[in-house]
Amino acid sequence: MTTTDSTPLPNFIRNIIAEDLKANKNDGRVHTRFPPEPNGYLHIGHAKSVCLNFGLAAENGGLCNLRFDDTNPSKEDIEYVESIKSDVRWLGFDWGDRLFYASDYFEQLYQYAVQLIKLGKAYVCDLSAEEIREYRGTLTEPGKDSPYRTRSVEENLDLFERMRAGEFEDGSRVLRAKIDMASGNLNMRDPVIYRILRATHHRTGDKWCIYPMYDFAHGLSDSIEGITHSICTLEFEDHRPLYDWFLDELKVYHPQQIEFARLNLSYTVLSKRKLIELVEGGYVTGWDDPRMPTISGLRRRGFTPESIRNFCERIGVAKRDSIVDMALLEHCIREDLNERAPRVMGVLRPLRVVIDNYPEDQVEELDAPYHPENPGMGSRKVPFSRVLYIEREDFCEDPPKKFFRLAPGREVRLRYAYYITCVRVVKDEQTGEVLELHCTYDPETRGGWSSDGRKVKGTLHWVSAAHSLEAEVRLYDRLFVKANPSGEKDGPDFKTYLNPKSLETLTSCRVEPSLAGAAPGSRYQFERLGYFCVDSVDSSDSKLVFNRTVSLRDSWAKIAKKEKK
RNA sequence: UGGGGUGUCGUCAAGCGGUAAGACACAGGAUUUUGGAUCCUGCAUUCGGAGGUUCGAAUCCUCCCACCCCAGCCA
């Protein structure tokens, strides 16, 4: 692979860290963290962040923590924390003994809030949610001070303690930071830092009825863990002054927040809200539907962790909004699988071929390497007999220009087998549909070579009818027909651009017998077709199910398309 | 009309005052028992625009334009 072992490409965060290291900031420590909220499944956009945070630590001899930002029990669930842990692990990263939760720090966070009150920098506010919104002002007009802003430290201390004790109703009071209601930055207009919320937390149960807000919990958690570089996405850029404010007011260790642009990928969506909509609306079969850009979906589709890591390195890290071409992700998985996937033969849409001059009961076991360019991968035997299947689209009665597959009177090579010539076409008299082909084979071409130097232009994949196994094959394509489904602000809903052909299920496919008992999750190249993996959910010994990870590049399709125009 | 960001090839993206890396995509060609893979070759006289500073600017200054984010007791 290309970029994995070479010197990492420069990006602005690597530059910052290099400078910090040179200046011996943080005593030369690099300590990052990946901080997901356990309220959904990880997707490829998260993979970018995972690779960034764990990667930056690893390449600088540092550490990266996995920390769940679990400050809102009403949206979070243990199911998500488990899936996130397994996805990060699958991607190839190790947090060692540093699995943390913001909820680990609830008591300490509470004490920090008390300290802020004592400093006169926080107060309990009795305004309702709607009133707080009104008092906040607008983007262009300053807000106005809450009437509770001037409460005494003693009263605030008492009230906050009673908030914790459960004396007040949900939503009746909040703790707010006392900053500046006239700030141009709305985040600084006395932001809420604690709310009353009676919800059972997946880790702390009913111990708490007040929960800290993100801005308060996040930076302080970073501080507690000794994080040096707190990397987050662009939308938190105007939270940075607040991030800094808490740390400065409390005079605690101060990590540096750095923001980068989140990943956008063409022909898909990468927002939790939209992905949930696809799952709950039944547009896909679940979070792990192979069409989903989730880590679990990509895994089930047949992507390798290596290919995803490589992709995340190649897309770079910057601050400008961008949409990465899905073709790059496809390139990354092809590049990886080209090297490691064993080659086998499978026929998706079988067309029966009878070799008229091949002995009725004869069967030959032909040798076929698993990887022509890597003999080390070994070989297997493929049975050849009188009745075969070839791909329907590899035969054309009236071939167009540049078509060099099978046609009446034409000779082609069957991969690793023999040259065959089509001598007769059997068609349905009614419909004209081609039912079967009769061919002759040249016994002198065993293995696919001819001693007389005769050239054939086409090589076809095939299986022996009697020996092949039936399989179901699911052909996946891009989930959306539009590069940027959510591109127009006031345009139609993103779901109107769903690709109706994103899944095509083929049930009468035939694959070579060596695939019997293929392990769930194992990946193969079906020669001339693409990369496929055994479905980890629906495949079994009695019923093989393959998912197409990605097709092979198809220059014939390009030529055919061009000729058509 | 407030605040915070960003604008370099079709798509990503280096570049940090010395004369536009690389990748994907695309287009040619070689090679090939996968129309795959591999290998060559081509692909921004120009960096959102206009001025200015300088021997020299994508890089510095000024003005303008476009796009993104922010008014959750979400993260």
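Atom set for the values below is all heavy atoms of this structure, side chains included, hydrogens, waters and symmetry mates excluded. Residue numbers start from 1 in every chain, and the chains themselves are labelled A, B, ... in the order their sequence lines are given, proteins ahead of strands.
- Relative to the six-membered ring of Tyr531(A), Arg523(A) misses at least one condition, a distance below 6.0 Å or an angle of at most 45° to the axis.
- Protein atom CG of Asn39(A) is 19 Å distant from nucleotide atom P of rG72(B), rounded to whole Å.
- Ring centroids of Phe403(A) and Trp556(A) are separated by less than 6.0 Å, placing the two rings close together.
- When each of rC16(B), rA75(B), rA71(B) is scored by its nearest atom to the side-chain atoms of Thr138(A), the top-ranked nucleotide is rA71(B).
- In this structure, the nucleotide among rC24(B), rG35(B), rA13(B) sitting nearest to the side chain of Ala318(A) is rA13(B).
- Nearest nucleotide to the side chain of Met213(A), out of rG35(B), rG2(B), rA75(B): rA75(B).
- For Arg273(A), no side-chain nitrogen or oxygen approaches OP1 or OP2 of rC74(B) to under 4.0 Å.
- Within the nucleic acid shown, Ile132(A) comes within 4.0 Å of at least one base atom, counting heavy atoms only.
- For the pair Glu59(A) and Arg14(A), the salt-bridge criterion is met [side-chain N within less than 4.0 Å of a carboxylate O].
- Atom P of rC63(B) sits at a distance of 15 Å from the matching atom of rG2(B), rounded to the whole Å.
- With distances taken from any side-chain atom of Thr140(A) to the nucleotides rU34(B), rA75(B), rG2(B), the minimum falls on rG2(B).
- Using a 4.0 Å heavy-atom cutoff across all strands shown, Tyr211(A) reaches no nucleic acid atom at all.
- Ring pair Phe246(A)/Tyr112(A): centre-to-centre distance not below 6.0 Å.
- Taking atom P in both rG48(B) and rU6(B), the straight-line distance is 14 Å, to the nearest Å.
- A distance cut-off of 5.5 Å between ring centres, combined with a plane angle under 30°, leaves Tyr214(A) outside any stacking arrangement with the base of rA75(B).
- Comparing rG2(B), rG35(B), rU34(B) against the side chain of Lys402(A) picks out rG35(B) as the nearest.
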Measure all distances between protein nitrogen or oxygen atoms and nitrogen or oxygen atoms of nucleotides 4-6 of chain B, and list the pairs falling under 3.5 Å.
| residue | atom | partner | partner atom | Å |
| --- | --- | --- | --- | --- |
| rG5(B) | O2' | Glu237(A) | OE1 | 3.3 |

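- Nucleic acid contact for Ser128(A): base, since at least one base atom lies under 4.0 Å from a heavy atom of the residue.
- Between Thr71(A) and rC74(B) there is no side-chain N or O to OP1 or OP2 distance below 4.0 Å.
- One P atom belongs to rA30(B), the other to rG22(B), and the distance between them is 25 Å to the nearest Å.
- Remark: Ser322(A) pairs with no residue by the side chain to side chain donor-acceptor pair (under 3.5 Å) rule, at least two apart or across chains.
- Stacking of Lys482(A) on the aromatic ring of Tyr267(A) is not recorded, the 6.0 Å distance cut-off and the 45° axial limit not both being met.
- Of the charged side-chain nitrogens involved, none lies within less than 4.0 Å of a carboxylate oxygen, so that Asp180(A) and Arg189(A) do not count as a salt-bridged pair.
- Nucleic acid contact class of Arg343(A) (heavy atoms, under 4.0 Å, all strands): base.
- Taking the nucleotide of RNA chain B with the nearest heavy atom to each of Asn11(A) and Asp170(A), the more 5' of the two is matched to Asn11(A).
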Can you list the steps and then say if Tyr389(A) with Leu351(A) is a side-chain contact (heavy atoms from CB on, under 4.5 Å)? CA-CA 5 Å; Tyr389(A) 288 121; Leu351(A) 173 60; over 6 Å; no

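- Set against rG35(B), rC73(B), rA23(B), the side chain of Phe403(A) has rG35(B) as its closest nucleotide.
- Between the CG atom of Leu220(A) and the P atom of rA75(B) there is a distance of 14 Å, given to the nearest Å.
- The side chain of Thr459(A) has rG35(B) as its nearest neighbour among rC70(B), rA75(B), rG35(B).
- Within the nucleic acid shown, Arg413(A) comes within 4.0 Å of at least one base atom, counting heavy atoms only.
- Ranking rG36(B), rC73(B), rA13(B) by closeness to the Ala129(A) side chain, first place goes to rC73(B).
- Taking atom P in both rC74(B) and rU59(B), the straight-line distance is 45 Å, to the nearest Å.
- Side-chain atoms of His218(A) and Asp69(A) include a donor-acceptor pair closer than 3.5 Å.
- Nucleic acid contact class of His461(A) (heavy atoms, under 4.0 Å, all strands): none.
- Taking atom CZ on Arg262(A) and atom P on rC67(B), their separation rounds to 21 Å, with Å as the unit.
- Counting only heavy atoms from C-beta on, Gln525(A) has its side chain closest to rU34(B) among rA37(B), rU34(B), rC24(B).
- Stem regions for RNA chain B, each three or more consecutive Watson-Crick or G-U pairs with both distances under 3.5 Å and listed by first number, read B:2-7 with B:65-70, B:10-12 with B:22-24, B:26-30 with B:38-42, B:48-52 with B:60-64.
- Across the interface with RNA chain B, nearest-nucleotide mapping of Val174(A) and Leu552(A) shows Leu552(A) to be the residue nearer the 5′ end.
- Here, rU8(B) and rA44(B) have their C1' atoms 8 Å apart, quoted to the whole Å.
- Counting non-hydrogen atoms of neighbouring residues, nucleotides and ligands closer than 6.0 angstrom, the CZ atom of Arg262(A) reaches no more than 12 such neighbours.
- Atoms CD and NE2, on Glu391(A) and His461(A) in that order, are 3.5 Å from each other to the nearest 0.5 Å.
- Among the protein residues, Phe404(A) comes within range of the nucleic acid bases, having at least one heavy atom under 4.0 Å from a base atom.
- Taking only side-chain nitrogens and oxygens, Arg553(A) never comes nearer than 4.0 Å to OP1 or OP2 of rG35(B).
- A cation-pi arrangement, defined by a distance under 6.0 Å to the six-membered ring centre and an angle within 45 degrees of its axis, is absent between Arg343(A) and Tyr524(A).
- Separating the C1' atom of rA27(B) from that of rG10(B) is a span of 13 Å, rounded to the nearest Å.
- For rU32(B) and rC39(B), the P atoms lie 16 Å apart once the distance is rounded to whole Å.
- Separation of the P atoms belonging to rC47(B) and rG7(B) is 15 Å when rounded to the nearest angstrom.
- Of all nucleotides listed (rU34(B), rA75(B), rC12(B)), rU34(B) comes nearest to the side chain of Glu527(A).
- Glu37(A) comes within 4.0 angstrom of the backbone, heavy atoms only, and of no base.
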